[in-house]
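What follows is a single structure, written as structure tokens, with notes after it.
Keep in mind that the numbers below use all heavy atoms, side chains included, and drop hydrogens, waters and symmetry copies. Computed from a prediction, not measured in an experiment: that's the story for all the values here. Counting starts at 1 for both ligands and their atoms, following the listed order.
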Amino acid sequence: MTHKYLVTESFDPGILLLKISRTEALNALNSDVLRELKDFLTEEAQNPKTRVIILTGDGTKAFIAGADISEMKEKNPEEGVFFAQMGHEVAKLLELMPKPTIAAVNGYALGGGAEMAIACDFIVASENAVFGQPEVGLGVIPGFGATLRLAKFVGLPRAKELIFSGRKVRAQEALALGLVNHVYPQDQLIPQAIELARSISQQSAGAVARAKQLLNEFSESSGLNFKLDAEAQAFGRLFGSADQVEGMTAFVEKRKPQFQGL
Ligand code: CAA
């Protein structure tokens with residue numbers, strides 16, 4: 001299968017490096033990228049040769065700078081819900097597939113980009129990584145799972161602070177918060193992520209898969225679909241509001257938004 005926005009590389013034993021490659025928009029996720037990711041991950045989830053997946057962004061500036069604002073700007077509530085559901089399908093594949101997924105965050109991981117990172121089993125980052133959930137500054141809320149998953153990484157009060165303020169967090173703070181497991185110099189990020197993946201892919205694949213399933217079940221997952229659906233509905237309902245239109249238009253026009261309070 002050929003992909004427009006995905007680049008892959010394989011390393012022994014069974015390590016797949018998956019790069020999102022849309023560098024002209026800092027690897028932002030539009031519907032086409034999400035569709036490619038869903039098809040690709042659905043296949044890889046079943047591929048016995050793949051033992052660990054490392055997700056990263058192409059280039060040195062961004063992991064994923066979020067969902068594509070230019071595309072979202074025009075959406076109505078129904079389309080907003082559908083778009084969130086597309087993101088959820090990809091995030092659930094990363095979270096629930098029976099093999100470990102590691103996010104190697106190599107720059108901006110904002111909005112839907114940070115949400116793809118926290119859907120992975122854990123995160124490693126380069127020194128220039130920047131995390132954030134800036135959605136409220138666009139007149140919407142996180143739509144790809146952060147209202148559910150961020151608290152699992154950083155605890156509820158910190159998740160609230162980060163989502164309410166949209167504050168960006170650099171790599172060292174992310175390490176202190178427990179959002180990332182390790183921080184490496186930029187040129188060491190992928191080699192170190194591969195080493196980490198190798199330490200996993202040499203173990204029993206069946207045992208690792210079972211451990212992942214139990215860790216997920218014990219840490220939360222009950223009602224996962226119900227909660228994600230509630231997030232998608234709430235995300236979609238904000239589309240068409242004065243603040244969503246203003247917030248996203250302001251981004252595209254490269255100016256500060258003037259909010260009315262929804
Ligand atoms: N969507 C669409 N295009 C984006 C984008 C995004 N999320 N992020 C960056 N781009 C585009 C820019 O528009 C720009 O395109 P042009 O060259 O055509 O103008 C290009 O990528 C390079 O970006 P900048 O010139 O802005 O680069 P910068 O270094 O000045 O700033 C940045 C980098 C701080 C990451 C800035 O690009 C930015 O703030 N991006 C938006 C981040 C954001 O708000 N993400 C959340 C989106 S909402 C979301 O994800 C909802 C959800 O939960 C599902």
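More than 12 heavy atoms of other shown residues, nucleotides or ligands fall within 6.0 angstrom of atom CD in Gln186.
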Mind running side-chain contact (heavy atoms from CB on, under 4.5 Å) on Arg22 and Asp68 for me, showing each step along the way? CA-CA 11 Å; Arg22 192 179 168 230; Asp68 190 296; 2.7 Å; yes
Between Leu196 and Gln192, is the side-chain contact (heavy atoms from CB on, under 4.5 Å) condition met? List the steps. CA-CA 6 Å; Leu196 207 46; Gln192 292 287 349; over 6 Å; no
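Relative orientation of the Phe83 and Phe144 rings is tilted, given thresholds of 30° and 60° on the angle between their planes.
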Quick one: table the atom pairs, ligand 1 N or O against protein N or O, below 3.5 Å, distance rounded to 0.1 Å.
unit_1: ligand 1; atom_1: 1 (N); unit_2: Ile69; atom_2: N; d: 2.9
unit_1: ligand 1; atom_1: 7 (N); unit_2: Ala65; atom_2: O; d: 3.0
unit_1: ligand 1; atom_1: 7 (N); unit_2: Ala67; atom_2: O; d: 3.0
unit_1: ligand 1; atom_1: 19 (O); unit_2: Lys254; atom_2: NZ; d: 2.8
unit_1: ligand 1; atom_1: 29 (O); unit_2: Lys61; atom_2: NZ; d: 2.7
unit_1: ligand 1; atom_1: 45 (N); unit_2: Ala65; atom_2: O; d: 3.0
unit_1: ligand 1; atom_1: 50 (O); unit_2: Ala67; atom_2: N; d: 2.9
unit_1: ligand 1; atom_1: 50 (O); unit_2: Gly112; atom_2: N; d: 2.8
unit_1: ligand 1; atom_1: 53 (O); unit_2: Glu115; atom_2: OE1; d: 2.7
unit_1: ligand 1; atom_1: 53 (O); unit_2: Glu135; atom_2: OE2; d: 2.6
unit_1: ligand 1; atom_1: 53 (O); unit_2: Gly143; atom_2: N; d: 2.9

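Residues Ile118 and Leu175 share a single hydrophobic cluster, defined by chaining ILVMFWY side chains whose heavy atoms lie under 4.5 Å apart.
Between the side chain of Glu36 and the main chain of Lys4, a donor-acceptor pair closer than 3.5 Å is present.
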